[in-house]
Amino acid sequence: SEVLMKRLYVICFSLLFTANPAISQQPSYDLLIKNGRVLDGTGNPWFYADVAVKDGKIAAIGKLDGARATRTIDAKGQYVVPGFIDIHSHADNGLAEAKTQTAPNKIMQGITTVVVNQDGRSPNWPIAKQKQTYEKQRIGVNAVLLVGHGTVRQMAMKGDFRRPATQQEIEEMKKLVKQGMEEGAYGMSAGLEYVPGRWSEPEEVIELAKVLAPYNGFYISHQRSEGREPLWKVASDPTPSVDMLQAVQETIEIGRRAGITVVCSHLKAKGASYWGSSYAATRLIKEARDQGIAVYADQYPYPTTGTDGETVLIPQWALVDEGVDPGGQLAQLARSNPERLKSNFAKRMENEELRKKIRNDIANEIDRRGGASNIIIYEFPDRSYVEQSLAQIAARFDEDPVSTAIRIQLTGFNRPGGARMRGFSLSEYDIEHIMQQEFTATCTDAYTVALGDGVPHPRHYGSYPRKIQHYVFQRGVISLPFAIRSMTSLPAQIIGLKDRGLLKEGYWADITIFDEEKIADKSTYTNPHQYPEGIPYVLVNGQFVVDDGKMTGKLPGKVLTPNKSSSGQTPVRK
């Protein structure tokens, strides 16, 4: 009978293990990844090994012949690496939305942990509320939370933030930073080129950074400038400002005075006449590190920035109503009365003095965006302009590029600039030089997006596979172990993660598997919504978020906090 057969099967199975103790002693795992080329994240060369996962953690690495597992993957010919850590991510709002809580564009490129609330913005303040939101609805990747300098600055100063803070306001900010750290933040971010951080003085930021020290927190900054001058400054603006090298020096000084780890985020040398200055910037960082200051950098591997995605060569003041603050009216006019942008501009061009001022501002902006040959038009009423450079269009009309920029504004769409264009404002030799530094981590500087939403920078989909394919395999700028270290153990070291960033027994099983022959970023500037290829498996805390190249929809991510380790034990914080 069926019952008798089942009993017989149990007896035989028991006798088999009794007769062969070796079999009964073999461990059983949840997952066994066999025959892979293991790059453990340290920067050491790859080695052949099996990787076993049990209860969300890496249980064993080595030659695991005969080991049993619920599931086995043959990774022959593929690389098995730690899950990538995105140290500068804007996934915060996206993780709180149902359609992007899986972080699709992150996990498909192998990212398993994101560091959010960047550029001084904590959009879901307080930190405790943001943490609760993620934990309640669940998320697809691990998240590290930061306190936003700009957020606490606005809370302390209300709407009156276009000035240095008083000592009383700084004291209020310090209380808010401490609150965020107590609630589970790993550190503080700043956006010193943006509103409201651009009006802060270095001493204010230093005072707040000192609050991080008892928590062993780190500071990460979008610095005051990324080129010869800040993004907000036009040639005709007499407001004093700093260049990228002075901005790096400020970040170093914050690290020195506060005694904490600091990061120069998405380090770059922006603007054609500023190319090559990355060599001076990295020298400053190296010298500071030699002095014992823990200074790092991060970088996304593209020659164009996010702001270049909506490049506007016309100064804002020339588009808005006379005597009105451009920052307050430009966006409002673009939405409600875009025709007035053209009429305001045309009126000012009739004034000889203003026309000269406008042309000078445009010339400066063209240089900052990489020069006329590196500014590409992607949307314009006349389709013959599309995917042509400003220099090519200028040559067609036998005019200088400044005149062409004016032509595009007057004859184009009713929008600032008259067209959608992108400036390739970075040089490859700066990108490669920064990438080769041992203190440079990899990042995306990207939001969490769903397919088809907007026109994002390709880095949203391709940062990590692009660095591997283009800069490792194609150009040989860095080695593969060096690249993987910049994506895994280096950011883990900067953040202070003790059980992630390496393939090591006892560490959480955040794992990415990729194929050297197939890995490729597919996202482009004209068609950005494309997932990369060649990354068939991604695990977060031992669960597949990408399985055989497809998203599983699982939400195994954790909100990581320094106050408690993942095991629930309180670590020592020096």
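- Salt-bridge check for R475 with E432: passed, with a basic side-chain N closer than 4.0 Å to an acidic carboxylate O.
- A donor-acceptor contact under 3.5 angstrom links the side chains of K467 and T442, judged on distance only.
- Separation of atoms NE2 (H433) and OG1 (T440) is listed at 8.5 Å; rounding is to 0.5 Å.
- A salt bridge links K268 to E226: at least one charged side-chain nitrogen sits closer than 4.0 Å to a carboxylate oxygen.
- Y279 has its ring centre no less than 6.0 Å from the ring centre of Y429.
- If you check the side chains of T311 and R422, you find no donor sitting under 3.5 Å from an acceptor.
- A salt bridge is defined here as a Lys NZ or Arg NE, NH1 or NH2 lying under 4.0 Å from an Asp or Glu carboxylate O, and R153 with E204 meets this definition.
- Residues K270 and T307 bring a donor and an acceptor atom of their side chains to less than 3.5 Å of each other.
- Using a cut-off of 4.0 Å between Lys/Arg side-chain N and Asp/Glu carboxylate O, E193 and R198 are scored as not salt-bridged.
- R368 and E229 are joined by a salt bridge, as a carboxylate oxygen and a charged side-chain nitrogen come within less than 4.0 angstrom of each other.
- Under 3.5 Å, the side chains of Y461 and H529 contain a donor-acceptor pair of N or O atoms.
- Taking a 6.0 Å sphere around CG of N527, one finds it holds more than 12 heavy atoms contributed by other residues, nucleotides or ligands.
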